[in-house]
Every structure is written in C-alpha cells, then in structure tokens.
Undergrad: 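Questions regarding the structure given below will be posed in turn.
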There are 2 protein chains.
Amino acid sequence: MHEPPHPENPNGKGFLPGLAMDAVIFGFHQNQLKILLLEYHNTGLFALPGGFIKDDENLNEAADRMVTERTGLKEVYLEQFYVFGNRDRHHKDTLRTILKGNGLTVTDDHWLLRRFVSVGYYALIDFTKAVPIPDAFSDSCDWYDLGSLPPLILDHRHIVAKALETLQTHLDRKLIGFNLLPETFTMGELQNLYETILGHKLHRTGFQRKMLSLGVLERIAKKWTGGAHKAPYLYRFSAGS
Amino acid sequence: MHEPPHPENPNGKGFLPGLAMDAVIFGFHQNQLKILLLEYHNTGLFALPGGFIKDDENLNEAADRMVTERTGLKEVYLEQFYVFGNRDRHHKDTLRTILKGNGLTVTDDHWLLRRFVSVGYYALIDFTKAVPIPDAFSDSCDWYDLGSLPPLILDHRHIVAKALETLQTHLDRKLIGFNLLPETFTMGELQNLYETILGHKLHRTGFQRKMLSLGVLERIAKKWTGGAHKAPYLYRFSAGS
DNA sequence: TTCTTATTGTCTCATTTTGTAACAATAATA
DNA sequence: TATTATTGTTACAAAATGAGACAATAAGAA
C-alpha cells in the first residue's frame, strides 16, 4: 500500500509516524473513467497507490512525489480532499498479509501494523502520457475502470467514492476537466468526459454553448477522423488571463 | 493550543503522535461573524481551540469532543475541511513560550515541540447557546469578530482563511446557514447572515424568493419588535423529507 | 459520380431562473 | 391622524437553460 524506501525499515525512521497518504489517480480513456491500482506481490490484494511523509517534507510535496513515482508525470493537477481517520480503518491482518507476501515476517509492534490516519488526494492526469510504475511491494500498477474495480483493501473503496464525489462537485466550479484530456480534443470528447464523471447525459447544444461561453477554449482545426460525417473541430485549453 | 488530559504528560502517551486538530468555531451575533479564540496563560498569545486524537478515538469523534469541551454544545454541525501539513508550520519557540507560560520547562525532545500535522475542522453553532470554556492552558475562551482578529500563533490565520473560504462555497450548496441562527429568525436576519458570510450585498426580494423556494422554511408568526414599520414573520428551519 | 448516413455547428424558440423595481401593508412614532 | 421605515407581494425585463430544427459535410454505398 505504501512505499518506505527500505521495506524492512524497522521502525519507520525518517517518516511522520501514524500518517499515510492515499491517491486516487484519475485517467480517462475510451469513454471510461479509470484509476490506478496496485496489486501486491503474492497476495491478490488491490490497493490505491499510497505513501508516507518524510520528516523534512511538506504534506503536498509528499503527494506530488507519490504521484510522480507512480506515473512518471510532474506538475500534475492534485488536490487533497479528505482525511480518513476512523479507528477501525486499519486491519493488522491485511497489513501482515501484504508484508508476508513480500517475504517479511514482523512482530506485533511493527510500525506498519499500528494505527494509521490517511490523507486522501486525487489527481487528474492525461491517460496518454502516464507510464504506471509499481512500487516495491507490488507486481503491477494498472488502470481499472471505475465501474468495475476489483475488491480493495481496508477502506480504499470508501476513499474512491469520496474522491469521485469531490471531483463531481469540483467539476463545474473550476476548470479542471481538461486535465484528463490530451492537448487537443473535440467537443464530443469533452462532453463524454463530463457525462462520464457526472454520471448522466447532457444536452449537446447546451453543453457546447456553455463551454464556449467560458472563453477558455481555442478552436484550432478540423479533425479528419474516419467517420462518415462532418468533421468536428479540435480545441485546445487556453489558460486565459 | 491543545489539550492533553495531563499537561505534564511527558511523552504524549494515549494520543496519536504528530497529529493535532484545530477548530474554527463560527458564531453569528449582531450582524457579525465571530470565532472562538483561546488566550494562553501569561503569554498574550491567541490561538484556535485545538486538541489531540486519542488512541481509541475516531478522528471525527475527537473533533466532536473538542468542540463540546469549548462550547458545552453537543451534536454540533462540524466538518473537516483541510489538513495543514507544511513542514514550517510548527515553531518550537512558540510552543515553548506557551509551555513556559504554564510553568513548564521542557527539553528539546518534548513531544509537543516535535512537528505536528493538523486537521482543520469548522463548526457552525448557535451563538446564544454556547458557553465558551477555556482549556487547561488558557485564561480565556472568547468570541472575536472575524474582521478584527488579534494576531494568531503559527499558521492559525491561514487556517481561519481557509475555513471561511470553505464555508462560503458550502453555503449555497447545502443548507447549513441555519446552524448559525437561533431556533426562529426573520428573513432579514437570514439575509444578513448570508451577506456577512459571502461578503457582499444580496437583493432582498430575490433572496426571499430563493429561500422560500427551497421548501425548508416554516413560517410561524409575526415578530413584534419595536420598529416603526411592518412586523416581519418569524421562520423556523424544518428539516424536510 | 451520386446518394445515403451519421455527426457536427448554428440557429431558433419556449421555458425557467434571475435581476430589479414598484407598490401596498403595517407597526411604532410624531 | 399623518409620517416613516421596513416588510411581503406582485410585476416585468434580462439572462440562462432546455429542447429541437436544419443545413453542412466526410466517408461509405450504390
């Protein structure tokens, strides 16, 4: 679930005690909203990418580092959204299984078995640019459709739900959707993104009118896809004044 | 700033290490938005009410407890809004001054001098019902106008700003403003509350129309204040279906 | 080549929401 | 009894939104 630099680090030295971070990293591909999940060695357990905070690191810096380590991307759109601090969110057995899967047998007072409070972050990235990279505990780091996630450890399902909720409410207050698309996109692709995130259909002409009225879309050129119909324009997000 | 059960608790036993909470407790009185501040013994330093999380306590339970301890109120509207985790937010000198003001001289490795990450909560309470109670470190726990706060320790000014920002964005998405008013209120009082929080004037008739259209206001009776004008209705918030 | 088809961009109109003002009602005071 | 300040209601213009019509057009079919 998390990534200490040395998995056998015996007492968590160099990290803030009892505090972790979990990231819901969103991508968008083929009209599907996806997130990155890790699968731990020899366990069949899936989890959100996570990490710990170094002694000399700001919280948000640690989150940046974590997302960069899993995606290869820098300067990603990243936001803190909630802290998960219920007493029962941590299960010793789960953690012990994960450590055992990595060949580590630990005593009952190992720092990773103690109670953790976790800060949730969500990131929006360009699916086409990310290169998912597993951490030291994991076999894989891959994209999964939000609609068909495998069972997740601990309260990670709840964290995902809360992240999606936050994304939905943020979507129409800020201009963040563009972070999930490549450099250029059509109006239809943008609308698909919004519909997928919000979970319901939008009216085509109204959507186009609204987006264009924001004054942040730059029309570039026609896109010549192999469709039997009029070619749509391509747009680029222009950061405005 | 915080409240261990025994101030001389030498190593923070019984609490989650490195994690604190700070509460921005809002009240509304005489058309002013106010918050509760503590003044520490013999220091002239002001701070937000805060606390620590017990080993066996959920994060939100700890926040409830903290607000109840400072106000005497239970079942308060309370929401987590951000985690403050910059490395430089904690100043040893400030903490040492506070401890010294309480007659405690501590060594450099005292647990209260170590780095803390703090979870910010904001609460909305009925000013007329709260009975502010200082904690063990404080001379006073009192209301201060948001517009004229004394200098605050550490990053507490920043925490207040972020809380207000959150309150503003939440105000028109949820029906939370009522938590700041007494049982019954006039439409004018409700409008004053909104104007004060949002920081700008609203149109009277439009505001009334909008509030009534929500279907959560129950009209009770006329209010016979000593004003040379028509008497306004009193309303009560009715929680709806 | 010409016709068909699917999708796009634009335009129009009805509906709803919002901004703004006008006006009558009324409780205290002069 | 008249005045005054504020409230509740109604009215109307302006803006935003919902929903459809229609021409434009790129690719494939005939």
Side-chain angles (χ1 to χ4, degrees), chain A residues 28 30-31 168-169 171-175 177-178 181-238, chain B residues 28 30-31 168-169 171-175 177-178 181-238:
Chain A
F28 187 69
Q30 293 180 332
N31 280 352
Q168 287 171 340
T169 65
L171 189 59
D172 39 48
R173 279 200 303 106
K174 312 181 189 179
L175 293 168
F178 307 100
L181 292 174
E183 197 85 15
T184 64
F185 47 86
T186 68
M187 192 58 73
E189 287 164 352
L190 186 60
Q191 183 176 349
N192 276 330
L193 172 64
Y194 269 69
E195 289 177 343
T196 306
I197 292 176
L198 297 176
H200 59 85
K201 290 279 173 198
L202 299 170
H203 240 267
R204 188 177 62 89
T205 59
F207 181 79
Q208 169 140 313
R209 178 171 46 192
K210 179 137 207 169
M211 285 297 137
L212 292 179
S213 77
L214 294 176
V216 295
L217 288 186
E218 193 181 342
R219 181 177 283 180
I220 304 178
K222 291 269 185 175
K223 183 185 181 185
W224 310 93
T225 58
H229 53 76
K230 186 174 178 177
Y233 286 105
L234 280 178
Y235 295 90
R236 171 195 298 140
F237 177 65
S238 67
Chain B
F28 187 68
Q30 293 181 332
N31 280 351
Q168 287 172 340
T169 64
L171 189 59
D172 40 49
R173 279 201 301 107
K174 312 182 190 178
L175 293 168
F178 308 98
L181 293 174
E183 197 85 15
T184 64
F185 46 86
T186 68
M187 192 58 74
E189 287 165 352
L190 185 60
Q191 183 175 349
N192 276 330
L193 171 65
Y194 269 69
E195 288 177 344
T196 305
I197 293 176
L198 298 176
H200 60 84
K201 290 279 173 197
L202 299 169
H203 241 269
R204 189 176 61 90
T205 60
F207 181 79
Q208 169 139 313
R209 178 172 46 193
K210 181 138 207 168
M211 285 298 136
L212 293 179
S213 78
L214 295 176
V216 295
L217 288 186
E218 192 182 341
R219 181 177 282 180
I220 304 178
K222 291 268 184 175
K223 183 185 180 185
W224 310 93
T225 58
H229 53 76
K230 186 173 179 176
Y233 286 104
L234 280 178
Y235 294 90
R236 171 195 297 140
F237 177 66
S238 68

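Numbered from 1 within each chain, the chains take letters A, B, ... in sequence-line order. Just so it is clear, the values below take in all heavy atoms, side chains as well, and ignore hydrogens, waters and symmetry mates.
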Undergrad: Taking only residues two or more places apart in sequence, or in another chain, which ones meet A:T205 in a side chain to side chain contact (heavy atoms under 4.5 Å, CB included)?
TA: none
Undergrad: Check side chain to side chain contact (heavy atoms under 4.5 Å, CB included) between B:A221 and all other residues, then give those that pass, not counting sequence neighbours.
TA: none
Undergrad: Give every pair of a protein N or O atom and an N or O atom of nucleotides 2-4 of chain D that lie under 3.5 Å apart, one pair per line with the distance.
TA:
from: D:dT4; atom 1: O2; to: B:A228; atom 2: O; distance (Å): 3.2

Undergrad: Taking the side chain of B:A231 as heavy atoms from C-beta outward, which of C:dT10, C:dA27, D:dT25 is closest to it?
TA: C:dA27
Undergrad: Tell me, which pairs form a salt bridge (charged side-chain N to carboxylate O under 4.0 Å, His left out) where one or both residues lie in residues 224-234 of chain B, sequence neighbours left out?
TA: none
Undergrad: Taking NZ from A:K230 and P from C:dT8, how many angstroms apart are they, rounded to a whole number?
TA: 10 Å
Undergrad: Could you pull out the protein-nucleic contacts involving nucleotides 2-4 of chain C (nitrogen or oxygen on both sides, under 3.5 Å)?
TA:
none

Undergrad: Does any residue of residues 182-202 of chain A have a heavy atom under 4.0 Å from DNA chain D, and if so, which ones, in number order?
TA: none
Undergrad: Select from A:K210 and B:Y235 the residue whose nearest nucleotide in DNA chain D is closer to the 5' end of that strand.
TA: B:Y235
Undergrad: Quick one: A:F207 CZ to D:dA19 C1', roughly how many Å, whole number?
TA: 17 Å
Undergrad: Strictly below 4.0 Å: does A:Q208 bring a side-chain N or O up to OP1 or OP2 of C:dT8?
TA: no
Undergrad: Any protein N or O atoms within reach of nucleotides 19-22 of chain C? Criterion: under 3.5 Å, listing atom names and distances.
TA:
from: C:dG19; atom 1: N7; to: B:R209; atom 2: NH2; distance (Å): 2.9
from: C:dG19; atom 1: O6; to: B:R209; atom 2: NH1; distance (Å): 3.2
from: C:dT20; atom 1: O4; to: B:T205; atom 2: OG1; distance (Å): 3.3
from: C:dA21; atom 1: N6; to: B:T205; atom 2: OG1; distance (Å): 3.4

Undergrad: What is the distance, to the nearest angstrom, from the CZ atom on A:R219 to the P atom on C:dT8?
TA: 13 Å
Undergrad: Between P on C:dT8 and NZ on A:K222, what's the gap in Å once rounded to a whole number?
TA: 11 Å
Undergrad: To the nearest angstrom, how far is B:L212 atom CG from C:dT17 atom C1'?
TA: 16 Å
Undergrad: According to the salt bridge (charged side-chain N to carboxylate O under 4.0 Å, His left out) rule, which pairs have a member within residues 187-209 of chain B, sequence neighbours left out?
TA: B:E189-B:K223, B:E195-B:K201
Undergrad: Would a 4.5 Å heavy-atom cut-off, applied to side chains only, mark B:F185 and B:L217 as touching?
TA: yes
Undergrad: According to side chain to side chain contact (heavy atoms under 4.5 Å, CB included), who are the partners of B:T169, at least two apart in sequence or on a separate chain?
TA: A:R173
